[in-house]
Amino acid sequence: MKILITGGAGYIGSHTAKHLARFGHQIVVLDNLSRGHPWAVKWGPLEPVDLLDLPAVQGAVQRHRPDAVVHFAAYALVGESVQDPGLYYRNNFVGSLNLIQAMVEADCAKLVFSSTCATYGNPQRPLLDESHPQSPTNPYGHSKLMVEQVLADFDRSQGLKSCALRYFNACGADPEGELGEVHDPETHLIPCIFNALIHDQPLKIFGDQYPTPDGTCIRDYINILDLASAHRLALEALEARKPLRPAYNLGTGRGHSVREVVAIVEKVTGRKVPVEICQPRPGDPPSLVASAQLARQDLGWQPEWTDLEASIRVAWDWHKRWF
Ligand code: UFG
């Protein structure tokens, strides 16, 4: 397939581009480079387009006429979304609407959408499956949920076949060392722990009084290569016209607290991580852990990186060379 990847210069998008190219697909990246990196676009041409620029998006989709689109381009920081909701609704929601319009006009009818477990909000049960109520606790989660709802409507009325993949917390890096996780500013836990080590500054732990066994937040860390393979499987299922559900969770089913992640980094690096306990970050649910049974069952997805230590080892190898 010829696949247009929005946000293909970002962390998850670039790893997915590499994976899809390896499986013989033709890649075009559309990215405004506001948070992505030109060096991460290696598997197809780059269209430096902002999704808020509708004529430019229409032009790019008409020029390339992709068979399918994987839509990653979005802002994805929970804390930032609480402080600046307009940024998130404009970029994530309006940008997605523009893309969908351009696709419908160009008769491009297959879309895999990058959604998130942040659409669930505070968990009502230990494992979140897709039937869990969606009640986001922050504008980031809301903006993604709104796009999921739009996609359901376009599926019904415009024949746009789509599938939303709700990721839990992406982690890891390319074991071949070509790609890794770099954000500016960096707010994600694992690279922040690495930075604490490299710069010898304490890692800020946002809250240690959550209702979890050690008081710190629990997340389900899913490897970036396993996320990439899920996107390929979803694209192939759409191409084969397999009936899919509107959304699938992607996670390991195992949660790690902030303190547990710190301990794994200490084991991998052989160094003590300095920490400082700070106020909780607004919008952070105490625990988010996936049930990803449906993705296994319907997509045939089989996550391979089930040991967080292995993911952190690869990420550290990449990070220490980069920084
Ligand atoms: N944390 C710290 N200190 C830090 C950074 C993070 O204590 O310096 C904590 C956070 O409070 C949270 C956990 O580590 O409890 C994970 O935080 P991240 O920022 O790494 O990830 P989030 O869970 O906030 O959000 C990420 C992505 C979202 C995605 C979400 C799903 O940014 O796009 O995972 O949980 F939706």
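Predicted, not measured: the structure shown is a model, and the values here were computed from it. Remember, it's 1-based here, ligands and their atoms both numbered in the order they're listed. Just so you know, residue 1 is the first one in the sequence shown, and it goes up from there.
Residue-ligand proximity, C217 to ligand 1, at heavy-atom distances under 4.0 Å covers atoms 15 (O). If you number the atoms of ligand 1 from 1 as listed, the ones under 4.0 Å from a heavy atom of T187 come out as 5 (C), 6 (C), 19 (O). Per-residue contacts place L288 under 4.0 angstrom from the following atoms of ligand 1 (heavy atoms of the residue considered): 35 (O). Shown in contact with D284 at under 4.0 Å from a heavy atom are these atoms of ligand 1, numbered in order with element: 10 (C), 11 (O), 12 (C), 15 (O), 24 (O).
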Show your working on side-chain hydrogen bond (donor to acceptor under 3.5 Å, both in side chains) between T252 and Y221 and close with a plain yes or no.
CA-CA 7 Å; T252 64; Y221 294 88; over 6 Å; no
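Any N or O atom pair closer than 3.5 Å counts here, and H188 shares at least one such pair with ligand 1. The shortest N/O to N/O separation between A76 and ligand 1 falls below 3.5 Å. Among the atoms of T116, none of the N or O lies under 3.5 angstrom from an N or O of ligand 1.
Residue contacts with ligand 1, taken as heavy atom pairs separated by less than 4.0 Å, involve L203 solely via side-chain atoms from C-beta onward. Counting heavy atoms closer than 4.0 Å to ligand 1, residue C192 contributes side-chain atoms (C-beta onward) but none from N, CA, C or O. Both the backbone and the side chain of L189 come within 4.0 Å of ligand 1, counting heavy atoms alone.
Of the possible polar contacts, one joining the N98 side chain to the L51 backbone as a donor-acceptor pair under 3.5 Å is found.
With respect to atom 22 (P) of ligand 1, the closest heavy atom belonging to the protein is N169 ND2, 3.6 Å.
The six-membered or imidazole ring of F72 lies away from that of H15, with a centre-to-centre distance of 6.0 Å or more.
Salt bridge D155/K161: present, at least one basic N to carboxylate O contact under 4.0 Å. The pair E148-K144 fails the salt-bridge criterion, with no side-chain N (NZ, NE, NH1 or NH2) lying under 4.0 Å from an Asp/Glu carboxylate O.
Side chain to side chain, E80 and Y88 meet the donor-acceptor criterion of an N or O pair below 3.5 Å.
Among V275, I198, L203, the one residue that satisfies the side-chain contact (heavy atoms from CB on, under 4.5 Å) test with I193 is L203.
Scanning R219, K204, R166 for the heavy atom closest to atom 3 (N) of ligand 1 points to K204.
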